[in-house]
**Q** 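Just passing along the structure, written as structure tokens.
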There are 2 protein chains.
Amino acid sequence: MDQNAPDPPSRRPTLSQVAKAAGVSEITASRALRGGSAVAKTTRQKVERAAQALNYVPNRLAGTLAGGASRQVAVILPSLSNIVFADVLKGLETRLEDDGYHPILGISHYDATREEHLLHDLLSWRPAGLVLAPTSGNAATRALLQAAELPVVEVMDTDPDAADMAVGFSHRAAGRAMAHYLIGRGYRRMAYIGHDIATDFRALARLDGFKDGLTDAGHILSDTLILDGPSSVPLGREGLARMLDRTTPRPEAVFFSNDDMAVGGVFHCQTAGLSLPHDIALAGFNGLSIGQALPTPLTTIASNRERIGFVAADHILRRLKGERPSRITQIDFRLLPGSTA
Amino acid sequence: MDQNAPDPPSRRPTLSQVAKAAGVSEITASRALRGGSAVAKTTRQKVERAAQALNYVPNRLAGTLAGGASRQVAVILPSLSNIVFADVLKGLETRLEDDGYHPILGISHYDATREEHLLHDLLSWRPAGLVLAPTSGNAATRALLQAAELPVVEVMDTDPDAADMAVGFSHRAAGRAMAHYLIGRGYRRMAYIGHDIATDFRALARLDGFKDGLTDAGHILSDTLILDGPSSVPLGREGLARMLDRTTPRPEAVFFSNDDMAVGGVFHCQTAGLSLPHDIALAGFNGLSIGQALPTPLTTIASNRERIGFVAADHILRRLKGERPSRITQIDFRLLPGSTA
DNA sequence: AACCTTATTGACAGCGCTGTCATTACTTGC
DNA sequence: GCAAGTAATGACAGCGCTGTCAATAAGGTT
């Protein structure tokens with residue numbers, strides 16, 4: 001509590017104090033508490049009792065410094081405003097915790113400089129591994145990664161030249177899949193509405209894939225609207241309103257950068273009295289539950305973010321045990337036909 | 001390790017190597033890199049150049065062990081599925097990063113045992129501070145906190161007997177405020193629909209406050225429906241459907257445990273052809289953007305989660321500088337009258 | 001009984017860094 | 001030009017723990 005008061009009286013108990021209390025050597029106490037090694041059952045109990053009595057909490061800084069492997073994993077994500085990355089983090093944390101590991105977190109805010117800085121900072125804690133959803137193909141970052149000599153997983157995409165491992169799916173393929181689906185449904189005049197794509201290069205990859213898909217079938221994108229700022233429901237709503245306002249005839253189908261945006265579009269249609277998908281078709285990306293709970297379930301592509309996080313953590317952990325998980329792991333997306341397109 | 005080997009293939013460079021390269025003593029290198037202390041400008045430059053050349057990344061485990069204060073802050077949250085805690089985490093991370101601190105994360109899953117375990121685990125990293133959104137008034141946890149002797153902030157509520165500091169607002173007061181508002185709007189027969197409340201005791205507090213508010217005005221809650229599982233849009237939708245199915249006459253107004261649930265309710269009304277708020281009034285809690293973007297903006301109470309996280313981190317940091325931020329900090333909620341009630 | 005295992009415990013030397021106090025170099029005042 | 005002060009640097013010890021190897025005790029073999 002009191003920061004100023006000189007507090008020599010109550011320093012946290014150390015292993016040596018536990019050892020003394022249990023009447024054994026420090027190293028024996030260490031082994032007893034860590035389990036595994038050869039320690040007599042009675043000795044172990046004595047030590048455990050002493051630790052309990054003193055309210056001993058081991059100091060892993062010291063342990064890691066002396067022994068080797070940390071049980072912390074650095075995690076760098078571009079954002080937490082979007083539930084998508086919270087999902088990834090949840091999957092990560094769940095798997096890590098199973099093995100007594102913990103994430104140290106950094107948020108890059110889609111800023112490459114910040115990402116690099118974070119990387120340097122987090123590496124200084126000597127984590128056992130690193131998981132990141134890269135913000136860009138930053139060269140400096142890549143160099144640091146290569147030099148870091150620790151298991152690294154890049155999540156959310158399947159970049160074939162990932163520094164080490166990658167867990168995710170191809171956003172380009174996802175965009176293409178949506179194009180094929182919409183074409184198959186008979187839509188022709190198609191538009192795209194997205195949030196600030198300069199920063200979110202995975203959204204950009206989806207757009208590129210979408211265009212590719214249209215091209216495959218001999219079509220082209222009839223209209224594109226990119227709005228400033230992070231994706232959100234209100235932004236999507238505003239986007240569709242503006243697009244319909246400025247373009248005649250209106251597009252037959254609109255692909256949004258993600259579900260948040262698309263749900264905004266659905267709301268606009270409700271307000272404007274447009275019936276889905278008759279008057280206009282809308283599609284999103286991510287498969288958020290909000291979109292599926294709409295009176296008209298959103299047509300979208302489900303990504304399994306939590307699983308991506310989980311598998312990423314698992315890869316780190318397995319690597320630490322000496323195994324060699326595959327370099328690129330595909331976590332499939334799935335097109336969810338709803339009733340909006 | 002082998003001390004004699006001239007150049008162990010690829011261990012990370014240490015401060016001593018940097019010092020050697022710069023032709024100064026270890027401690028001088030340390031001071032040069034940390035800045036502040038008295039080091040000649042030329043010396044500092046030499047050291048910085050050497051560090052750069054060697055690609056030196058300091059080892060904070062060693063630094064913290066030797067020197068004192070860690071730059072990690074333990075964070076324990078009950079969940080990440082709900083955007084609410086992701087928001088808090090975002091605020092925390094933002095403020096911490098400003099000062100070069102980083103969160104180590106643990107998720108309790110609304111489980112008191114797990115929370116206690118996490119606390120023990122995270123404390124073993126000797127964090128400089130601790131932020132948690134308590135899952136319960138767990139006694140063992142509280143004891144650990146008291147003994148921990150580090151700045152602790154409990155977030156999301158303003159528990160007057162917080163172990164150390166608290167940043168948030170009274171959920172009870174929020175519930176009451178909603179009751180008063182709805183009564184003021186003329187609604188009488190009111191119901192509540194919530195998610196698994198056994199675990200989420202802040203939602204329970206809101207319900208209690210809501211009941212209090214009704215009692216204040218001489219009314220009582222006409223119906224209550226608690227559903228299993230975490231809150232979600234589909235769950236709220238299902239909840240309202242079930243309630244309307246089983247109860248006649250239907251309630252005039254329904255207060256949901258949060259916005260996710262309430263938005264589900266709105267969707268159900270859209271599907272069932274009920275007009276809001278004429279046929280039935282709905283209200284939520286949190287002030288999520290999704291609710292505000294609905295064709296009928298949701299009546300709700302806005303909480304400022306990100307700010308709570310930010311202020312919590314700020315309190316920790318200030319405490320570490322020797323200041324004494326106030327024990328209980330209120331981050332006000334605000335009733336947002338929408339068009340659903 | 002001498003010998004060999006195996007189980008259990010401990011001594012020792014650091015891990016990489018920083019706090020403390022001491023030392024040296026360089027100014028400045030009179 | 002010399003005492004006294006300031007700036008810059010370094011030697012040393014130790015943070016709390018674990019890996020390595022050695023030592024001892026206990027049990028089994030021929």
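The shown structure was predicted, so the numbers you read here are calculated from the model rather than taken from an experiment. Below, read A as the first sequence line, B as the second, and so on, with proteins coming before strands; counting in each chain starts at 1.
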**Q** Nearest whole angstrom, please: distance from the C1' of C/dC15 to the CD of B/Gln17.
**A** 13 Å
**Q** So, B/Ser79 and B/His109: side-chain donor and acceptor under 3.5 Å apart, yes or no?
**A**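 There is no such pair between these side chains.
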**Q** Hydrogens and angles aside, do B/Ser124 and A/Arg60 bring a side-chain donor and acceptor to less than 3.5 Å of each other?
**A** yes
**Q** Regarding A/Ser108 and A/Thr135, do their side chains bring together a donor and an acceptor under 3.5 Å, going by distance alone?
**A** yes
**Q** Within residues 18-30 of chain B, find the residues that approach DNA chain C with a heavy atom at under 4.0 Å, and present them sorted by residue number.
**A**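 The answer is B/Glu26, B/Ile27, B/Ser30.
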**Q** So how far is it from A/His102 NE2 to B/Ile107 CD1, rounded to the nearest 0.5 Å?
**A** 11.0 Å
**Q** Please indicate whether A/Gln52 has more than 12 foreign heavy atoms, meaning atoms of other residues, nucleotides or ligands, lying under 6.0 Å from its CD.
**A** no
**Q** Between the base of D/dG10 and the side chain of B/Arg31, is there a donor and acceptor pair under 3.5 angstrom?
**A**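 In this structure, the two groups form a donor-acceptor pair.
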**Q** Roughly what angle, to 10°, lies between the helix axis at the start of the helix from C/dA1-D/dT30 to C/dC30-D/dG1 and the one at its end, five pairs per end?
**A** 40°
**Q** Whole angstrom is fine here: how far is it from CG in B/Leu15 over to P in D/dC15?
**A**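 That distance rounds to 20 Å.
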**Q** Is B/Thr43 near enough to D/dT9 that one of its side-chain N or O atoms lies under 4.0 angstrom from OP1 or OP2?
**A** yes
**Q** Tell me: NZ of B/Lys46 to C1' of D/dA8, nearest whole Å?
**A**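 Going from NZ in B/Lys46 over to C1' in D/dA8 covers 11 Å.
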**Q** Identify, residue by residue, the members of residues 55-66 of chain B with a heavy atom below 4.0 Å from DNA chain D, and return them in order of residue number, or none.
**A** B/Leu65, B/Ala66
**Q** Looking only at side-chain N and O atoms, does B/Arg44 come under 4.0 Å of OP1 or OP2 in D/dT9?
**A**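 It does not, given that no N or O in the side chain of B/Arg44 lies less than 4.0 Å from OP1 or OP2 of D/dT9.
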**Q** If you measure from the Lys or Arg side-chain nitrogens to the Asp or Glu carboxylate oxygens, is any gap between B/Asp99 and B/Lys321 under 4.0 Å?
**A** yes
**Q** When you look at A/Arg319 and A/Asp164, which way does the salt bridge (charged side-chain N to carboxylate O under 4.0 Å, His left out) test go after all the steps?
**A** CA-CA 11 Å; A/Arg319 183 70 143 268; A/Asp164 187 358; 2.7 Å; yes
**Q** Look at B/Arg114 together with A/Glu97 and state whether they make a salt bridge at an N to O cut-off of under 4.0 Å.
**A**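 A salt bridge links B/Arg114 with A/Glu97.
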**Q** Taking 4.0 angstrom as the limit, do B/Arg71 and A/Asp121 come out as a salt bridge?
**A**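 Looking at A/Asp121 together with B/Arg71, the answer is no, because their closest N to O distance does not fall below 4.0 Å.
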**Q** Check the distance between D/dG16's C1' and B/Trp125's CH2 and give it to me in whole angstrom.
**A** 13 Å
